[in-house]
Amino acid sequence: MAGYSLSINYKQKLNKQGTDLSSLLLSITDGAVVYSGKPVFEGLSFNIHENRKIALVGRNGAGKTTLMRVITGDKDLDDGERWVENGISIGYLKQDITPKEGQSVFDFIMEEIDAEFKAAHEYKVDIVTDKLALDPKALMTNLSGGQLRRAGLARALVEETDILLMDEPTNHLDLEAIEWLESYLKNYPGTVLCISHDRTFLSNITDTVFWLDRGEVKVSPQGFAHFEEWSEMLLEQEARELRNRKSIVAQEVEWASRGVKARRKRNVRRVEQMREMRDKLKRDESAYRRATRKVEIDVPEIDDKSSKVVAEFYNVSKSFERDGNKIPIMEKFNLRIKKGDRIGILGKNGSGKTTFLKLLIGQLEPDAGRVKLSKTAEISYFDQKRSDLDPKATIKKTLCPQGGDYLEVGDKQRHICGYIKDFMFDPTDVDRTVETLSGGEKNRLMLARVLAKPGNFLILDEPTNDLDMDTLDMLEEILSKYQGTLFIVSHDRDFLDQTVSQILAFEGNTEIKRIIGGYSDYLEYVEKTKSKSQNAATSLPTKDKPAVATISKQSRKTSQKMSYKDKYELEHLPQKWEKVEEDIKALNKKLADPDFYKSDPDAFHAATKELADQQARLERYETRWLELEELKMTTQG
């Protein structure tokens with residue numbers, strides 16, 4: 001019978017084959033899963049050992065969630081064997097949680113823990129709920145979707161199972177909570193298997209990768225930080241094998257085309273083998289093309305006629321009343337947003353990020369001061385709460401509200417079936433209603449609608465939640481080509497590094513800082529200022545430090561004069577970045593050598609890191625040059 005826990009005899013059988021099972025917790029051998037007559041997995045085999053931290057990655061629809069259900073035993077194998085060590089407990093953080101009436105957060109977290117162990121787990125509840133900003137006494141039915149997700153995460157961590165499966169654990173967490181979770185999972189006493197779109201999170205916590213590729217689990221003994229080069233190496237090797245097989249098949253086809261002079265059995269059999277080889281090669285080449293296909297979208301060109309200053313906050317103050325207490329968000333806040341700015345917005349949940357966006361687009365009014373938006377600004381807004389989506393509307397109605405089968409994408413007409421394929425929907429999905437879509441599908445639909453007519457001012461509030469890595473790659477590519485003004489609220493550190501050139505950090509208590517660079521530059525700034533006083537931390541730095549300015553609490557006039565030091569720096573910056581560009585060119589040439597990784601993996605990783613460092617340095621030089629040029633023009637004006 002498939003899908004059950006095997007006896008100890010199975011473990012002894014594997015030991016006879018010379019397999020080290022001293023730390024084996026679970027094993028799947030030659031597994032098969034079939035849905036509606038279509039195989040999802042065939043010949044599926046992998047092992048899970050104790051104390052491993054595993055990243056489970058794969059393309060959209062590869063079967064990651066199904067694989068997790070096979071591991072938990074919720075989904076039986078249709079063929080093959082599943083073995084689990086006696087007494088092993090398996091926990092699963094799912095994406096969707098249905099709250100029960102009258103149940104508190106504390107009771108939900110402790111629900112599956114045996115009564116005799118509950119007292120020993122109570123202290124963990126206090127620690128975890130505090131870090132995840134949850135009230136243990138709150139009713140589950142009163143929680144928001146994001147809070148429900150955090151309650152599910154708290155439960156999974158407190159239960160402390162031998163194998164913990166986590167599906168997108170960083171969704172709806174702020175950066176501080178994500179960094180705490182990273183630290184917690186590194187020291188977790190069991191095995192963790194995690195699906196996440198957050199590359200930085202996976203790189204920081206994992207030591208193994210399960211790559212689900214075309215129904216097969218490929219295992220890397222290194223963490224996700226090395227996944228890109230490892231997977232590319234495997235795909236390049238597969239491409240070489242396909243080329244070799246193609247050459248062999250071509251030789252066989254040429255032999256067969258000359259005709260078989262004598263109808264001997266061996267010649268007839270050879271022709272049959274040639275046909276089998278050719279057919280299998282076609283199938284394998286087709287599968288390889290699907291596995292390596294990159295979604296390419298023509299980014300709509302925008303005619304950006306917006307003013308040089310797109311928006312301006314002048315002495316803005318804003319606060320809220322909560323439980324009888326006044327919560328200040330901004331106090332005499334000043335900010336000028338210029339045409340073409342690419343700004344990432346960071347901060348704890350509740351620090352004022354969404355309030356800032358609503359003030360910007362006019363959904364909220366300031367308590368004091370004024371917010372001025374240019375009349376030429378054309379805002380497209382991605383709302384993380386998806387409040388603009390009608391649950392009863394179909395995908396077609398959402399994208400083509402006026403009817404018909406075509407929508408405007410930029411200045412072109414696109415058929416809806418072709419357009420939704422760009423966002424990884426099947427053309428047959430056009431009549432599905434929004435309420436039947438998963439969280440990731442709803443986000444992709446929102447992106448499809450917003451990016452069809454992005455305007456000249458694009459605001460994305462947590463666009464990465466529930467998206468897989470393929471969609472993230474696609475979104476990064478689109479945003480890299482976007483020519484307008486861009487605001488992104490996100491806790492995905494790698495995504496911010498790839499898409500923005502400034503950070504607006506909401507620190508709480510009305511403190512808001514503006515840092516030149518991406519998330520890595522913000523992190524560098526935080527590390528450098530940890531031991532300094534708050535006043536010292538907000539002073540303007542010199543070169544080779546991330547540029548930061550405090551733009552809250554009070555209005556202050558900045559000097560418009562260029563110092564001798566500024567002039568010297570402006571004159572010599574081009575020489576610096578030319579040297580960096582030469583270094584980048586040399587590193588790219590070195591990394592392009594297909595034998596480099598095989599001959600010296602350590603040197604390959606070092607060169608990869610050096611390339612990233614040099615690219616970040618080049619961006620900082622260019623950004624600083626633009627700042628100084630602007631200061632020069634202001635001074636001359």
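- Summarising the geometry of Ile90 relative to Thr72, their closest heavy-atom pair is CG2-CG2, 4.0 Å, with the distance given to 0.1 Å.
- Here the side chain of Ser183 pairs no donor or acceptor atom with the backbone of Trp180 at under 3.5 angstrom.
- In this structure, Arg199 is not positioned above the aromatic face of Phe224 in the sense of NZ or CZ being under 6.0 Å from the six-membered ring centre and within 45° of the axis.
- Closest non-hydrogen pair, Leu93 versus Gly152, comes out as CD1-C, 3.5 Å.
- Relative to the ring axis of Tyr406, Arg414 does not place its NZ or CZ within 45° and under 6.0 Å from the centre.
- Looking at Ser27 and Asn47, their side chains do bring a donor and an acceptor atom within 3.5 Å of each other.
- Side chain of Thr499 to main chain of Glu476: no donor-acceptor pair is present (N/O by atom type, distance under 3.5 Å, no hydrogens or angles).
- With Phe46 as reference, Phe210 is the one residue of Trp83, Phe210, Phe41 to meet the ring-ring contact (aromatic ring centres under 6.0 Å, His included) rule.
- Remark: the backbone N or O of Lys53 is paired with a side-chain donor or acceptor of Asp207 at under 3.5 angstrom.
- Judged by the 6.0 Å distance and 45° axis criteria, Lys358 is not positioned over the aromatic ring of Phe356.
- One finds no salt bridge joining Lys397 and Asp431 here, because no Lys/Arg side-chain nitrogen approaches an Asp/Glu carboxylate oxygen to under 4.0 Å.
- Residues Val70 and Leu77 form a side-chain contact, since some pair of their non-hydrogen atoms from C-beta on lies under 4.5 Å apart.
- In this structure, the side chains of Ile205 and Tyr184 stay at 4.5 Å or more apart for every pair of heavy atoms.
- Here the NE2-CD1 distance, from His415 to Ile420, works out to 10.0 Å after rounding to the nearest 0.5 Å.
- The backbone N or O of Glu365 sits less than 3.5 Å from a side-chain atom of Lys318, completing a donor-acceptor pair.
- With a 4.5 Å cut-off on side-chain heavy atoms, Leu373 and Ile361 do not count as touching.
- A heavy-atom distance below 4.5 Å is found between the side chains of Arg444 and Glu441.
- In this structure, the side chain of Tyr519 does not engage the main chain of Asp492 through any donor-acceptor pair within 3.5 Å.
- To the nearest 0.5 angstrom, Lys64 atom NZ is 14.5 Å from Leu165 atom CG.
- Counting only distance, with no hydrogens or angles, the side chain of Thr29 and the backbone of Ser45 share no donor-acceptor pair below 3.5 Å.
- No side-chain heavy atom of Phe382 sits under 4.5 Å from any side-chain heavy atom of Ile459.
- A ring-centre distance under 6.0 Å is found for Phe457 and Phe487.
- Rounded to the nearest 0.5 angstrom, Phe423 CZ and Met474 CE are separated by 5.0 Å.
- Between Leu479 and Leu460, some side-chain heavy-atom pair lies under the 4.5 Å cut-off.
- With respect to Lys218 and Asp213, a salt bridge is recorded, a charged nitrogen being found less than 4.0 Å from a carboxylate O.
- Remark: Asp426 does not engage Lys421 in a salt bridge, criterion side-chain N to carboxylate O under 4.0 Å.
- Contact of the Leu181 side chain with the Glu176 side chain is not registered, since no non-hydrogen atoms from C-beta on lie closer than 4.5 Å.
- The pair Glu111-Lys100 counts as a salt bridge, with a side-chain nitrogen and a carboxylate oxygen less than 4.0 angstrom apart.
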Let me see the working for Glu159 and His121 under side chain to side chain donor-acceptor pair (under 3.5 Å), right down to the final yes or no. CA-CA 8 Å; Glu159 286 177 350; His121 282 74; over 6 Å; no

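- Counting heavy atoms from C-beta outward, Leu153 and Leu173 have side chains that approach closer than 4.5 Å.
- Salt-bridge check for Glu182 with Arg493: passed, with a basic side-chain N closer than 4.0 Å to an acidic carboxylate O.
- Atom CH2 of Trp211 and atom OG of Ser220 lie 10.5 Å apart (nearest 0.5 Å).
- Taking OG from Ser196 and CG from Leu202, the interatomic distance works out to 4.5 Å, rounded to the nearest 0.5 Å.
- A distance of 5.0 Å separates OG1 of Thr161 from CG of Leu164, quoted to the nearest 0.5 Å.
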Begin with the C-alpha distance, continue with both residues' side-chain angles, and end with the deciding distance and a verdict on side-chain contact (heavy atoms from CB on, under 4.5 Å) for Glu408 and Lys453. CA-CA 8 Å; Glu408 279 193 24; Lys453 284 284 188 181; 3.1 Å; yes

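- A side-chain contact (heavy atoms from CB on, under 4.5 Å) with Ile503 holds for exactly one of Ile345, Leu346, Ile343; it is Leu346.
- A cation-pi geometry, defined here as NZ or CZ lying under 6.0 Å from the six-membered ring centre and within 45° of its normal, holds between Lys75 and Tyr35.
- Nearest heavy atoms, Pro463 versus Phe495: CG-CE2, 4.2 Å.
- Taking each heavy atom of Ala177 and Leu132 in turn, the nearest pair found is CB-CD2, 4.5 Å.
- Listed here is the closest heavy atom pair of Arg342 and Val500: O-CB, 3.5 Å.
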